[in-house]
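What follows is a single structure, written as C-alpha cells, with notes after it.
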Amino acid sequence: MNVSQKCHHALRAMLELAMRHDRGVTSIAEIVASQRVPARFLESILVELKRGGLVESRRGVRGGYVLAMNARDISVGHIIRLIDGEIVPLAGVSVPLDATARGRTALGDLWQRAAEALAEIYDTTMLHDLVEQERSMLARSTPMYSI
C-alpha cells in the first residue's frame with residue numbers, strides 16, 4: 001500500500017504535535033521547520049485532522065495546534081483512514097478484492113490477507129509508540145562531546 005504524500009505529511013505533523021505535547025500549542029511554522037512539511041499543504045491537512053477530531057486549534061498570537069486526545073489513544077491506522085480512506089494493499093484494487101465471475105480468487109485472498117496484515121500493524125501502532133521510538137533514535141544519533 002502506498003500512503004499518499006498528504007497522509008505522510010499528516011503523520012509527520014501528528015508526530016511533531018505529539019513530541020511537543022508537553023510544551024502546549026505548536027505553531028504551523030514550528031511544524032514546518034521541524035518536519036519539513038510544505039506550509040502550503042500543512043494548513044489544509046491540519047484542518048482535516050481537526051475535523052476528524054484528532055487536533056484542536058488555538059487562535060491568537062501564540063496560537064497553533066495541539067492533540068485533541070492522548071497520543072496513546074491515536075493509532076496510525078486512524079490517521080491513515082482519516083486522510084486516505086480504507087487501507088488496501090494494492091492501489092486500484094478494492095473490495096471485493098480481485099473478484100471474478102467465478103467468485104473469489106487466489107490473488108484476491110492474497111490481497112485480503114495483505115490488507116489485514118497492514119491494518120493490524122497500523123492499528124496497533126499508536127502515536128505514542130512513534131514518539132518513544134523517535135526520541136530513542138534522536139538520543140542515539142546525538143553526538144556526545146566531552147573534554
Please name the pair of heavy atoms, one in C7 and one in D84, separated by the smallest distance, quoted to 0.1 Å.
CB-OD2, 3.2 Å
Are side-chain heavy atoms of K50 and E56 found at a separation under 4.5 Å?
no
Residues, nucleotides or ligands: over 12 heavy atoms within 6.0 Å of E43 CD
no
When you compare the side chain of D123 with that of R81, does any pair of heavy atoms fall below 4.5 Å?
yes
Atom CG of L42 and atom CD of E16: how far apart are they, to the nearest 0.5 Å?
10.5 Å
Got a second to check how far L15's CG is from R20's CZ, nearest 0.5 Å?
11.0 Å
Given side chains that start at C-beta, do those of L118 and Y122 come closer than 4.5 Å, heavy atoms only?
yes
Knowing that exactly one of L130, L67, I45 qualifies, which makes a side chain to side chain contact (heavy atoms under 4.5 Å, CB included) with M14?
L67
Can you get from M126 to I121 by hopping between Ile, Leu, Val, Met, Phe, Trp and Tyr side chains that sit under 4.5 Å apart?
no
A quick test of your reading: do over 12 heavy atoms of other residues, nucleotides or ligands sit less than 6.0 Å from CZ of R58?
yes
Answer yes or no: is there a side-chain heavy-atom contact under 4.5 Å between R135 and V131?
yes
Any idea which heavy atoms bring G63 and V25 closest together, and the distance?
C-CG1, 3.4 Å
Grouping I, L, V, M, F, W and Y whenever their side-chain heavy atoms are under 4.5 Å apart, do I80 and V37 come out in a common cluster?
yes
If you measure from CD1 on I28 to CD on E30, what distance do you get to the nearest 0.5 Å?
11.0 Å
At what distance, to the nearest 0.5 angstrom, does CD1 of I31 lie from CG of L17?
4.0 Å
Could you check D73, L127, I74, L46 and say which one makes a side chain to side chain contact (heavy atoms under 4.5 Å, CB included) with L54?
I74
Mind checking whether M19 and S34 have side chains closer than 4.5 Å, heavy atoms only?
no
Search all heavy atoms of A68 against all heavy atoms of G53 and return the closest pair with its distance.
CB-O, 3.3 Å
Pairwise distance CG(L11) to NZ(K6) - rounded to 0.5 angstrom:
12.5 Å
Donor-acceptor contact present, side-chain D109 to main-chain A106, <3.5 Å
no
State the NE2-CG distance between H78 and L82, to the nearest 0.5 angstrom.
5.5 Å
Considering the options T124, T125, V3, which one meets the side chain to side chain contact (heavy atoms under 4.5 Å, CB included) requirement together with V76?
T125
Has E116 got more than 12 heavy atoms of other residues, nucleotides or ligands less than 6.0 Å from its CD?
yes
